[in-house]
Undergrad: 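Take this structure first; my questions come after.
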Number of protein chains: 2
Amino acid sequence: MRKYCDYISVDCVIFGFEIDRLNVLLVDRTLRGEGESDIEFADHTLTGNHIYETETVGDAANRVLYDLTGLTGIYLEQFKTFAHPDRLKKENDRKWLLHDGRDPDKRIVSIGYFALLATQDVTIEWKGRNVKWVPYHEIGELAFDHNEILENALIALRNKAKHEPIGFELLPEKFTLSQLQKVYEIILDTEFDKRNFRKKVARMKYLIPLDEKQTGVAHKPARLYMFSREVYEKTKKDLFDFWV
Amino acid sequence: MRKYCDYISVDCVIFGFEIDRLNVLLVDRTLRGEGESDIEFADHTLTGNHIYETETVGDAANRVLYDLTGLTGIYLEQFKTFAHPDRLKKENDRKWLLHDGRDPDKRIVSIGYFALLATQDVTIEWKGRNVKWVPYHEIGELAFDHNEILENALIALRNKAKHEPIGFELLPEKFTLSQLQKVYEIILDTEFDKRNFRKKVARMKYLIPLDEKQTGVAHKPARLYMFSREVYEKTKKDLFDFWV
DNA sequence: ATAGTAAAGTGTAAAAAATACACTAAGGGT
DNA sequence: ACCCTTAGTGTATTTTTTACACTTTACTAT
């Protein structure tokens, strides 16, 4: 059996977009005592794990993602590493570490990744685990230093989204322009004018209009679009955005 | 005496700009045998060190920077973490690790930082160490995985430079517009039209023109400018650069 | 003093992009 | 047939980008 490296871990901030919300996949940790309703302690954490001794960190992040969602090939990006000497020294942290059979005194490096996917891509059967989608703005205090990791993930996501077309990763393969606009409005916490937004994206050749329309909606169905990574790679200008 | 944490290290890619070159501060490692000119093995590495058991990673990076340059308050940014299981398994790596009294079989996480400063800010007395400036394009094969770390540092620097005003960090406190233009041309490996560049930066209020001119040049002396971080923080738009 | 030289500094016209703004079209639900 | 909801579209104005070449200034060498 493969052994874990007991001082390197990955934490994945799994973002999932849904209609008009940005969700994060959290692990619901509830320890019960003797009686069924007798909660000893409860906490939420990001998804994460130690890495195997011979595994790359990227592979470990993909493994965590797969174990919790059943998905592969998901957009995943390393954004920051957390190694503060006191990062696992909050009130309950010691309890959880002991409960997980980890050495609570060991200094653990956690390498942060964020993942992007459409909430509905995680199917019911996987949701049965002790894992759940929580809207970003409703996330309270998390165990360990996971609030800090989460904040940094959102900052990284924002910065990336401003300069590279990754909003698509949060949508199903086929999407409408209104959905795309909403993704950016939510990530960047702003609003765009519909006509100007469309004028702008119309210039991006990697946004492919399909001969297909939305179905099952109680209003004029919108045209569907796809993102073409190939066209993007070919046409992206290595632009000097300059500092503003 | 403080103990090192033997599995966490920082590597600093220290960029220094000079006239029309981007330099990197490298450690010259040459081991001699019995005779003085009898080189056993020689290599170059980035600057780095293990972190102390109770030290933050950022403090460790600043410490490395201080030990090698005597400078404090330098622009420093974490850009990526390297933890591949085989990252210290090249030909000579084992020799160096043993030579440094490190366990060659231990998997070591290295957290990468890049630092920006003006080459001339590193004074002669510090240069006496086994450390030297090497122009980026003249850097050959480095020990360990340091070429990979270096490449990633440059990519991170480029991306950052496109979207945030950090070119100033590579210049002395007072600089000319031509120097600023050169910095960006070198970092981004491109050329700008002088008039258009000036028109563009003229809009940035945090670029403060001084009532001072260059001295000691054999041509029309240029006006000097300063970067005002305060004005920048106040006036920066949280702009949607959008993806191109 | 004069001429040479090296980089500084400056303007304009044309094209492209950003901004502000409001109505009609289409389809499903009742 | 009517209503509800979202899709989809155009124009005028301002701002930004782009392409492009000559004059100015201070020092240097004679």
Side-chain angles (χ1 to χ4, degrees), chain A residues 17-21 162-163 165 171-172 174-186 188 190-226 235-244, chain B residues 18-21 162-163 165 171-172 174-186 188 190-205 207-226 235-244:
Chain A
F17 183 78
E18 181 182 34
I19 307 172
D20 57 359
R21 277 211 309 269
K162 278 187 213 169
H163 312 299
L171 290 169
K174 299 173 181 179
F175 51 84
T176 70
L177 293 185
S178 295
Q179 289 171 334
L180 185 64
Q181 182 175 341
K182 201 77 197 173
V183 163
Y184 278 95
E185 290 180 337
I186 297 293
L188 300 171
T190 182
E191 288 189 11
F192 298 111
D193 175 84
K194 201 204 308 189
R195 277 175 290 191
N196 293 341
F197 182 89
R198 283 162 188 246
K199 212 183 300 172
K200 184 152 188 166
V201 298
R203 280 199 300 274
M204 327 231 153
K205 305 222 176 58
Y206 46 81
L207 188 64
I208 315 287
L210 303 175
D211 286 328
E212 245 179 291
K213 296 192 178 241
Q214 246 180 340
T215 54
V217 286
H219 55 78
K220 179 175 177 180
R223 173 168 221 150
L224 294 175
Y225 289 77
M226 276 186 67
T235 63
K236 72 174 161 182
K237 296 178 260 173
D238 196 9
L239 238 224
F240 186 26
D241 278 339
F242 234 112
W243 9 288
V244 276
Chain B
E18 180 181 36
I19 307 171
D20 57 359
R21 277 210 310 269
K162 278 188 214 168
H163 311 300
L171 290 170
K174 298 171 182 181
F175 51 85
T176 71
L177 292 185
S178 295
Q179 290 171 333
L180 185 64
Q181 182 176 341
K182 201 78 199 171
V183 163
Y184 279 95
E185 290 181 338
I186 297 293
L188 299 172
T190 182
E191 288 189 12
F192 298 110
D193 175 85
K194 202 207 301 194
R195 277 175 291 191
N196 292 341
F197 182 89
R198 282 161 190 246
K199 212 184 301 172
K200 184 152 189 167
V201 298
R203 279 199 298 274
M204 327 232 153
K205 304 220 176 60
L207 188 63
I208 315 287
L210 302 175
D211 286 328
E212 244 179 293
K213 295 190 177 243
Q214 244 180 343
T215 54
V217 286
H219 54 78
K220 178 173 176 179
R223 174 169 220 146
L224 295 175
Y225 288 76
M226 277 186 67
T235 62
K236 73 173 159 180
K237 296 177 260 173
D238 198 8
L239 239 224
F240 186 26
D241 278 337
F242 233 113
W243 10 287
V244 274

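No experiment lies behind these values; they were computed from the predicted model shown. Quick note on labels: first sequence line is chain A, next is B, and so on, each numbered from 1.
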Undergrad: List in chain and number order the residues that pass side chain to side chain contact (heavy atoms under 4.5 Å, CB included) with B:Gln179, two or more places apart in sequence or in another chain; answer none if no residue qualifies.
TA: B:Leu171, B:Phe175, B:Thr176
Undergrad: Taking the nucleotide of DNA chain C with the closest heavy atom to each, which residue, A:Arg195 or B:Ala222, is nearer the 5' end?
TA: B:Ala222
Undergrad: When the nearest nucleotide of DNA chain C is assigned to A:Arg203 and to B:Asp193 on a heavy-atom basis, which residue is associated with the more 5' position?
TA: B:Asp193
Undergrad: For A:Glu185, which residues count as a side chain to side chain contact (heavy atoms under 4.5 Å, CB included) partner, sequence neighbours excluded?
TA: A:Gln181, A:Lys182, A:Glu191, A:Phe192
Undergrad: Atom NZ of B:Lys182 to atom C1' of C:dA6: distance rounded to whole Å?
TA: 14 Å
Undergrad: Return the value, rounded to whole Å, for the distance between atom CE of A:Met204 and atom C1' of C:dA18.
TA: 12 Å
Undergrad: Compare every heavy atom of B:Pro221 with every heavy atom of B:Gln214, then report the nearest pair and how far apart it is.
TA: O-CB, 3.2 Å
Undergrad: Could I get the full list of side chain to side chain donor-acceptor pair (under 3.5 Å) partners for A:Lys174, not counting sequence neighbours?
TA: A:Glu212
Undergrad: Hey, does A:Ile186 have a side-chain heavy atom less than 4.5 Å from the side chain of A:Phe17?
TA: yes
Undergrad: Please report, rounded to the nearest Å, how far the C1' atom of C:dG28 is from the CD atom of A:Gln214.
TA: 12 Å
Undergrad: Just to verify, what does B:Arg195 make a side chain to side chain contact (heavy atoms under 4.5 Å, CB included) with, not counting sequence neighbours?
TA: B:Asp193
Undergrad: Just to confirm, is there a sub-4.0 Å distance from OP1 or OP2 of C:dG9 to any side-chain nitrogen or oxygen of B:Arg198?
TA: yes
Undergrad: Can you tell me how far C1' of C:dG11 sits from NZ of B:Lys194, to the nearest Å?
TA: 14 Å
Undergrad: What integer distance in Å separates A:Asn196:CG from D:dT11:C1'?
TA: 11 Å
Undergrad: Sequence neighbours left out, what passes side chain to side chain donor-acceptor pair (under 3.5 Å) with A:Lys220? Give chain and number order.
TA: none
Undergrad: Mind calculating the distance between CD (B:Glu212) and P (C:dA8) to the nearest angstrom?
TA: 17 Å
Undergrad: What's touching nucleotides 23-27 of chain D from the protein side, N or O pairs under 3.5 Å?
TA:
| unit_1 | atom_1 | unit_2 | atom_2 | d |
| --- | --- | --- | --- | --- |
| D:dT25 | O2 | B:Lys220 | N | 3.3 |

Undergrad: Using whole Å, report how far CZ of A:Phe197 lies from C1' of D:dT9.
TA: 16 Å
Undergrad: Starting from P on D:dG10, measure out to NZ on A:Lys199 and report it in whole angstrom.
TA: 11 Å
Undergrad: Any side-chain N or O of A:Ser178 under 4.0 Å from OP1/OP2 of D:dT6?
TA: no
